[in-house]
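One structure below.
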Amino acid sequence: MSSIDSQYLPQQVEAEAQSYWQENDSFRAVEDPSREKFYCLAMFPYPSGHLHMGHVRNYAIGDVIARFQRMQGKNVLQPMGWDAFGLPAENAAMQNKVAPAKWTYSNIDYMRQQLKRLGYAYDWSRELATCHRDYYRWEQWFFTRLFNKGLVYKKEAEVNWDPVDQTVLANEQVVDGRGWRSGALVERRSIPQWFVRISQFSQELLDDLSSLEGWPEKVKTMQSNWIGRSEGIELDFEVAGETDAALQHLSVYTTRPDTLLGVTYVAVAPQHPLAAKAAKVNRELADFINQQNNIKVAEAELATMEKLGMDTGVKAIHPISQQQVPIYVANFVLMSYGSGAVMAVPGHDQRDWEFARKYGLDIKQVIAPSSKDSICDLEQAAYIDKGVLINSGEFDGLDFQQAFEAIAQYLNAQGKGEKTINYRLRDWGVSRQRYWGAPIPMINCTACGAVPVPEEDLPVLLPEDVEFDDSGSPLGRMAEFVDVDCPQCKRPAQRETDTFDTFMESSWYYARFTCRDQNDRMLDARANYWLPVDQYIGGIEHAILHLLYARFYHKLMRDEGLVNSDEPFTRLLTQGMVLKDGAKMSKSKGNTVDPMPLIEKYGADTVRMFAMFASPPDQSLDWSDSGVEGSYRFLKRVWKTVAGHDPVACDDYAALELNDEQKKLRLKTHQTLEKITDDYARRQTFNTVIAATMELMNATTRFLDDSGSDTDRPVVQEALETAILVLAPIVPHFSHVLWNHLGHPDPIIDAPWPTVDQSALKQDMALVVLQVNGKLRDKIEVPRSIKQEDLEQLALENVAVKRFISTGTVRKVIVVPERLVNIVVN
RNA sequence: GCCCGGGUGGUGAAAUUGGUAGACACAAGGGACUUAAAAUCCCUCGGCCGCAAGGCCAUGCCGGUUCAAUUCCGGCCCCGGGCACCA
């Protein structure tokens, strides 16, 4: 036992524990095949400047799990790093006239100190920053490998173009259709960009979701919907009188071929070549198409904007009826999704119905309700349910499935269509017209085309010492960066000046942590010791994009022979957002909460504990400081109780001869331990861990209030040890010092998790609830061994119950042993 | 608009997902200690009726299933997240 201050002095306690961990290098993770490993990872932060409460909560959750697993005897790896490329550094550069690199590195230095102050058990020797050449060089290398395998390609894609600032804008930078700095109306502009073929992995990404048993159902549902597998038919409409072979056929995809005979028009995207051709001889149409350019490149915009269209004057020939239907240009059809053309069935699709109403197009019913419960009134709305075909010639009378087959067969025989499986998932566009990112390692040669930078020339270094102003990426203006010789033909060529989407870096950092000092290869054998990540923790806002890209990247690395698993993250905990005044905390909204004043006032342990106590980890939390005081008070109380306790060693509690009060305290101790172990391991609800520990401490201090005997000391010792052990993952500094005081010279970080003593849990009596018609009337204590009939009898004779059953007849008695009796009367 | 969540006292929440609604805290009010304050300790604390014993109502709203619903089903309202260039 060490002597300690009777007062809780968090700053002193935290300094003591942290210097112990540092001197002993306590959190360095070393590969050891003889031990079970546990890789615990919380999503690394973007170095925005300082930590906010969302970070504190996120990293506290990770740290709690890591420390808990260490006490379970696992060989734990918990690393930390920086998602260091990104847009905010460029914005800061413009605002403060500071180079993005300098700004980023100084933010990292500051935030690293903040993380250290919070006492997270990181192996800092593995720290990495994605903007460092030793990191992104492997990403560039990997991209050239993918290029050689044909998994990347270049195509035209649309961006938001600010015509005043002459730059490409991110969606976030477009506010109400205008550039956030210039205020100019944005224009859609098509430019060549690099894509990675994630769509080739659609089916595998979908199938493997079912193997992710440790993932929340909601995340799997979201990803599954995002991938959006559907079964349908791809079919051709011929364009009447068209002589140009490329424009003769309009290919459309539908999941509702049963409604095919209800097609009354076809719609194409404003960027469709057919629209462009028609516009050449139609001034009004050309103007209309031009106007559709002032829409931000975002699905939410397209879905909520007013649906507009215009007749091209060109007709399409229906593949079955041979009738001619008009071809419209419609602003809601996406050129980048599918073929840029859709068939329209206003009778049975609500959007088509509204469009048809607006432009006076025919609405034709071809599906009749198959049950009397649903009504079809095409004057009011489209009838979108499945039913039986009518007005469809030879297909009349078929149901959805029969019609699907029959129409597929018919079209197939005519060479006009076939069954197709379609995915909503689109290829991953990775080009960004930005400076602060990893350079895309390609060289554009007029003779050879796009040529990857040879391995020996990697990395393509991003020049860090630059002047950054509001005219966009300076890379294109730097001759020393742009002008290179073509690696193939050696003639003068130009380096690609676009940089990678930052999701590229965050898609594989978890793997690089296992061997970030490896300078000869992207990953080495250590990756397969640590991977997959056993527990990944991060905000729910990453449920789709980041987590899907990381899963995809893992499969790419597997196919390259770099890792031997199929999925990167075994178990996933999606932390709810930390909100402030009901909205996501972000620097741009200016509603972040700085944890530092709280840490200075109460210490890191109180802040960590309150962040865990405020709500379950997966629930969103509107931050408020009120309540922090309560966590602090609790720690002070525990400190006082432990400091005032005279430790006693006892290695066999079961052998003690205990009185009833002592047995009661042991019961509470082991009930609490059992519940808390489950809360940590299975439920991952740390708020209830804390509440249960508070209950145990309340019971212990009540016990101490009536205690006089020296024989009480062992059960109190056991209760206090249990409380300190179960609190250790949450308030590690506090527990570190008190554990020593309780007579343990070895550090609590390596103390084994206590085991539940089943003999302490034995109870003879049970509390049973008595209900009449489901309403609580009384509670009685009965022996656990009581027979069901006897319990029923006791209930029927109970005074409180009798008052409610005397006026009616007992119809039924429901007995749930050891829980309740419900008497049904009328 | 589409996809995914959430809604329980004055506040954060609990109830292990069909079996005692409000554990554990915060705030508030009252009291003890103190010259005073802070700290600490004790009591009250969902609403209505009642001196009390007790009763009735109550988990966003409406309806359903059940002996029993915060929990399951149907419909609606509100809030949050994502929608492919914020990370």
Side-chain angles (χ1 to χ4, degrees), chain A residues 43 45-46 48 83 85-88 91 159-160 168-174 216-219 221-226 228 297-305 307 332 336 351 424-429 431-434 501-503 506 539-546 548-549 574 576-577 579 582-584 586-588 610 613-616 618-622 624 626-631 633-634 636-637 640 675 678-679 682-683 685 687-688 690-695 698 767-776 778-779 800 803 811-814 816 819-825:
Chain A
M43 291 177 187
Y46 176 79
S48 56
D83 188 14
F85 278 136
L87 199 52
N91 294 333
V159 294
N160 302 308
V168 173
L169 298 177
N171 280 336
E172 190 189 50
Q173 298 171 308
V174 180
E217 223 37 64
K218 62 177 170 188
V219 175
T221 307
M222 280 191 257
Q223 291 215 349
S224 171
N225 289 340
W226 184 263
V297 184
E299 194 188 284
E301 297 291 311
L302 282 165
T304 50
M305 72 189 176
K307 310 291 181 287
F332 57 83
S336 53
R351 188 185 60 190
R424 206 186 75 100
L425 182 64
R426 309 201 290 261
D427 277 338
W428 177 13
S431 295
R432 296 292 179 271
Q433 297 69 43
R434 304 260 160 68
D501 174 11
T502 57
F503 278 125
S506 56
I540 184 65
E541 70 271 25
H542 297 292
I544 295 175
L545 291 180
H546 162 61
L548 190 65
Y549 290 141
T574 47
M577 311 269 311
L579 310 174
K584 178 176 170 174
S586 74
K587 226 182 162 185
S588 53
F610 182 63
F613 186 49
S615 78
D618 59 351
Q619 194 167 308
S620 64
L621 169 65
D622 203 341
S624 151
S626 74
V628 180
E629 191 78 39
S631 295
R633 270 206 289 265
F634 171 71
K636 280 197 289 189
R637 245 185 350 253
K640 214 176 111 191
K675 178 208 165 38
D678 186 47
D679 284 354
R682 181 183 60 88
R683 297 214 305 156
T685 53
N687 56 327
T688 54
I690 295 165
T693 311
M694 285 172 168
E695 283 192 56
N698 290 345
L767 186 70
V768 169
V769 167
L770 305 183
Q771 297 181 333
V772 177
N773 288 338
K775 280 190 178 159
L776 174 73
D778 205 358
K779 301 171 196 176
R803 286 170 45 205
R811 290 286 165 204
K812 205 181 201 181
V813 180
I814 284 138
V816 183
R819 288 210 85 129
L820 104 170
V821 180
N822 187 18
I823 298 159
V824 186
V825 294

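Below, all heavy atoms of this structure are taken into account, side chains as well, without hydrogens, waters or symmetry copies. Each chain gets a letter, A, B and so on, in the order its sequence line appears, and its residues count up from 1.
- In this structure, L425(A) reaches the bases: a heavy-atom distance under 4.0 Å links it to at least one base atom across the strands shown.
- Residue-environment remark: CZ (R819(A)) stays at or below the threshold of 12 foreign heavy atoms within 6.0 Å.
- A298(A) comes within 4.0 angstrom of the backbone, heavy atoms only, and of no base.
- Across all strands, S626(A) comes closer than 4.0 Å only to sugar-phosphate atoms, never to a base (heavy-atom distances).
- Atom CG of L767(A) is separated from atom P of rA15(B) by 19 Å (rounded to the nearest Å).
- Nucleotide rC85(B): unpaired (no Watson-Crick or G-U wobble partner with both distances less than 3.5 Å).
- One C1' atom belongs to rC33(B), the other to rU20(B), and the distance between them is 38 Å to the nearest Å.
- Close to rA68(B), at under 4.0 Å from its OP1 or OP2, lies no side-chain N or O of N773(A).
- Between F503(A) and H546(A), the angle of the ring planes stays under 30°, which puts this pair in the parallel group of the 30/60° scheme.
- Between rA21(B) and rU70(B), the two P atoms lie 9 Å apart (nearest whole Å).
- Within the nucleic acid shown, F613(A) comes within 4.0 Å of at least one base atom, counting heavy atoms only.
- Q173(A) comes within 4.0 angstrom of no nucleic acid atom, judged by non-hydrogen atoms across all strands.
- Between rG9(B) and rG64(B), the two C1' atoms lie 28 Å apart (nearest whole Å).
- Within the nucleic acid shown, V219(A) has no heavy atom closer than 4.0 Å to any nucleic acid atom.
- Counting non-hydrogen atoms under 4.0 angstrom, R424(A) reaches a base of the nucleic acid.
- For rA32(B), the paired base is rU40(B) (Watson-Crick or G-U wobble, both distances below 3.5 Å).
- When the C1' atom is used for both rG47(B) and rC79(B), the distance is 25 Å, rounded to whole Å.
- Comparing rC73(B) with rG22(B), their P atoms sit 25 Å apart, to the nearest whole Å.
- If you check every strand for non-hydrogen atoms under 4.0 Å, A543(A) touches nothing.
- Remark: N698(A) is in phosphate contact with rA25(B), judged by side-chain N or O atoms under 4.0 Å from OP1 or OP2.
- Nucleotide rC72(B) is matched to rG64(B) when pairs are restricted to Watson-Crick or G-U wobble geometry with both distances under 3.5 angstrom.
- The pairing partner recorded for rG80(B) is rC4(B), the criterion being a Watson-Crick or G-U wobble arrangement whose two distances lie under 3.5 angstrom.
- Within the nucleic acid shown, E541(A) comes within 4.0 Å of at least one base atom, counting heavy atoms only.
- Taking a pair to require two hydrogen-bonding distances under 3.5 Å in either a Watson-Crick or a G-U wobble arrangement, rG54(B) pairs with rC49(B).
- Counting only distance, with no hydrogens or angles, the side chain of N773(A) and the backbone of V825(A) share a donor-acceptor pair below 3.5 Å.
- Across rG6(B) and rC61(B), the matching C1' atoms stand 16 Å from one another, rounded to whole Å.
- Nearest nucleotide to the side chain of R633(A), out of rU40(B), rU16(B), rC41(B): rU40(B).
- Under 4.0 angstrom from either OP1 or OP2 of rG6(B) there lies no side-chain N or O belonging to S620(A).
- Between R424(A) and E299(A) there is a salt bridge, with a side-chain nitrogen of the basic residue lying less than 4.0 Å from a carboxylate oxygen of the acidic one.
- Summarising the base pairing, rA25(B) is matched to rU11(B) through a Watson-Crick or G-U wobble pair whose two defining distances lie under 3.5 Å.
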